[in-house]
Amino acid sequence: MVQVPLPAGSHSPTMGWEFYAECVERACRYAASVSQHPIIVAENGVATDDDSERQDYIRSAVTSLERAVADKINIRGYYH
């Protein structure tokens with residue numbers, strides 16, 4: 001697996017991956033545009049030992065999905 005360097009100033013919890021909850025919105029928008037099918041997010045989360053950080057991640061992810069739904073992206077479910 002090739003890991004792309006993190007952008008300058010980004011936050012990286014336990015696993016070394018970027019803390020970027022809004023990526024789920026972008027992924028859903030892309031999947032909807034190419035598949036023309038309803039979207040279900042089967043798994044989403046962040047690897048961290050800090051529960052407050054996990055709460056922030058979930059809140060940001062759900063907020064980003066609300067934007068997509070407001071734009072008529074057909075998201076049927078979200079499993080954290």
Side-chain angles (χ1 to χ4, degrees):
M1 176 173 81
V2 175
Q3 186 168 345
V4 177
L6 296 177
S10 65
H11 174 63
S12 172
T14 309
M15 297 290 291
W17 301 333
E18 182 179 11
F19 185 97
Y20 179 52
E22 294 80 5
C23 69
V24 70
E25 174 188 2
R26 296 184 79 178
C28 286
R29 288 178 183 276
Y30 175 75
S33 74
V34 298
S35 73
Q36 305 301 312
H37 290 286
I39 304 298
I40 296 175
V41 179
E43 182 178 352
N44 181 247
V46 62
T48 182
D49 295 327
D50 182 344
D51 285 338
S52 64
E53 191 170 52
R54 183 173 289 105
Q55 291 170 355
D56 290 344
Y57 185 93
I58 295 167
R59 191 175 299 113
S60 295
V62 170
T63 297
S64 75
L65 291 174
E66 288 172 338
R67 283 192 300 266
V69 169
D71 287 342
K72 308 295 187 227
I73 304 300
N74 190 357
I75 299 173
R76 301 274 179 99
Y78 171 78
Y79 295 91
H80 170 71

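This chain uses plain numbering: 1 for the first residue, then up along the sequence.
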Considering all heavy atoms of both residues, which atom of C23 and which atom of Y57 are nearest to each other, and what is their separation?
->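 Where C23 meets Y57 most closely, the heavy atoms are SG-OH, 4.2 Å.
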
Looking at NE2 of H80 and CD of E43, how far apart are the two atoms once the value is rounded to the nearest 0.5 Å?
->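 The NE2 atom of H80 sits 9.0 Å away from the CD atom of E43.
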
Taking only Lys NZ, Arg NE, NH1 and NH2, and the carboxylate oxygens of Asp or Glu, determine whether R29 and D71 approach each other closer than 4.0 Å.
->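 Yes.
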
Path from L65 to I58 over hydrophobic side-chain contacts below 4.5 Å =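 Yes: a chain of side-chain contacts under 4.5 Å links L65 to I58.
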
Using side-chain contact (heavy atoms from CB on, under 4.5 Å) as the criterion, point out the one residue from D50, D51, D56 that pairs with R54.
->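 Of the listed residues D50, D51, D56, the side-chain contact (heavy atoms from CB on, under 4.5 Å) partner of R54 is D51.
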
V24, V69: one ILVMFWY side-chain cluster at the under-4.5 Å cut-off?
->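 V24 and V69: one cluster.
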
Looking at OG1 of T48 and CD of Q55, how far apart are the two atoms once the value is rounded to the nearest 0.5 Å?
->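 The distance works out to 11.0 Å.
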
Nearest 0.5 Å please: distance from the CD atom of E25 over to the OG atom of S64.
->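 Nearest 0.5 Å value for the CD-OG distance: 5.0 Å.
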
Would the number of heavy atoms belonging to other residues, nucleotides or ligands and lying under 6.0 Å from CZ of R26 be above 12?
->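 Open.
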
From I75 atom CD1 to I39 atom CD1, the distance as rounded to the nearest 0.5 Å |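 The distance works out to 7.5 Å.
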
Specify the closest pair of heavy atoms between I73 and C28, including all atoms of both residues, with the distance to one decimal.
->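 Closest approach of I73 to C28: CG2-O, 4.1 Å.
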
Ignoring hydrogens and angles, state whether a donor on the side chain of N44 or Y78 is under 3.5 Å from an acceptor on the partner side chain.
->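 The criterion, which ignores hydrogens and geometry beyond distance, is satisfied for Y78 and N44.
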
